[in-house]
Visitor: 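Below you'll find the structure I mean.
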Amino acid sequence: MKSTLTVLAVVLSIASFAGMLRLKTDVESLAGKRARLVAEHSRLREEKQVLEAELAHLAQPATLHRFAAKRGYVPLATTMLVPMNPEAGGGDGMVE
């Protein structure tokens, strides 16, 4: 009886040790994955801030005016618009 309990205690100890090593490995793996996700989240947050700043800059009327003037764009007049639906009175939809 005493030897059976000793063998059972040894088996239980070995199984517990193996289980704890398995848990340690899983925790380390999840910690590494978490670190990668935190780094990616930080990178995406920074990229979002840069894009928002660029959008705010490009949406300013003065910036748009300089952009259009630099490329020789002309303002669009309503007489230059052609309806997409030819039945709405726009003829064949072609600009003459």
Side-chain angles (χ1 to χ4, degrees):
M1 175 83 173
K2 190 174 184 180
S3 64
T4 306
L5 287 176
T6 304
V7 169
L8 185 62
V10 169
V11 169
L12 182 62
S13 297
I14 292 173
S16 297
F17 181 72
M20 288 193 305
L21 284 179
R22 171 72 186 232
L23 285 174
K24 178 181 178 264
T25 303
D26 289 348
V27 168
E28 287 175 347
S29 171
L30 290 174
K33 187 182 284 187
R34 180 188 177 277
R36 285 190 300 275
L37 288 173
V38 167
E40 182 179 0
H41 181 262
S42 175
R43 181 188 61 80
L44 289 173
R45 184 183 307 163
E46 183 178 331
E47 185 177 334
K48 179 183 176 222
Q49 289 175 344
V50 168
L51 290 173
E52 286 174 345
E54 288 177 354
L55 179 63
H57 173 70
L58 292 173
Q60 294 176 357
T63 304
L64 292 173
H65 181 68
R66 283 194 307 271
F67 176 81
K70 187 176 182 180
R71 285 158 182 79
Y73 293 159
V74 294
L76 181 65
T78 55
T79 58
M80 301 168 94
L81 297 176
V82 177
M84 293 182 70
N85 185 357
E87 298 169 5
D92 60 359
M94 301 295 291
V95 177
E96 295 178 15

Visitor: Please round to the nearest 0.5 Å and tell me the distance separating atom CG of L51 and atom CD of E47.
Guide: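 Rounded to the nearest 0.5 Å, the CG-CD separation comes out at 5.5 Å.
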Visitor: Report, as yes or no, whether the 6.0 Å neighbourhood of atom CZ on R34 holds more than 12 heavy atoms from other residues, nucleotides or ligands.
Guide: no
Visitor: From L23 CG over to S16 OG, what is the distance, rounded to the nearest 0.5 angstrom?
Guide: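 Reported to 0.5 Å precision, the distance equals 10.5 Å.
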Visitor: Going from CG on L8 to OG on S13, what distance comes out if it is rounded to the nearest 0.5 angstrom?
Guide: 9.5 Å
Visitor: Is a salt bridge present between E52 and K48, judged by a nitrogen-to-oxygen distance below 4.0 Å?
Guide: yes
Visitor: Distance from T63 atom OG1 to E54 atom CD, nearest 0.5 Å?
Guide: 12.0 Å
Visitor: Any chance you could pull the hydrophobic cluster mates of V7, using side-chain heavy atoms under 4.5 angstrom and chaining through other members?
Guide: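 Answer for V7: V11.
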Visitor: Please enumerate all residues that pass side-chain hydrogen bond (donor to acceptor under 3.5 Å, both in side chains) together with H57, with sequence neighbours excluded.
Guide: none
Visitor: Should the heavy atoms of other residues, nucleotides or ligands under 6.0 Å from CD of E28 be counted, would the total exceed 12?
Guide: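 Buried by this count: over 12 neighbours within 6.0 Å.
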Visitor: Nearest 0.5 angstrom please: T25 OG1 to L30 CG, how far?
Guide: 11.0 Å
Visitor: With heavy-atom distances below 4.5 Å as the criterion, would you say the side chains of K24 and M20 are in contact?
Guide: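 In short, these two side chains do not touch, never coming nearer than 4.5 Å.
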Visitor: Clusters formed by hydrophobic residues whose side-chain heavy atoms approach within less than 4.5 Å: which one holds F67, and what are its other members?
Guide: Y73
Visitor: Which distance, rounded to the nearest 0.5 Å, do you find between the NE2 of H41 and the CG of L44?
Guide: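 Going from the NE2 atom of H41 to the CG atom of L44 covers 7.5 Å.
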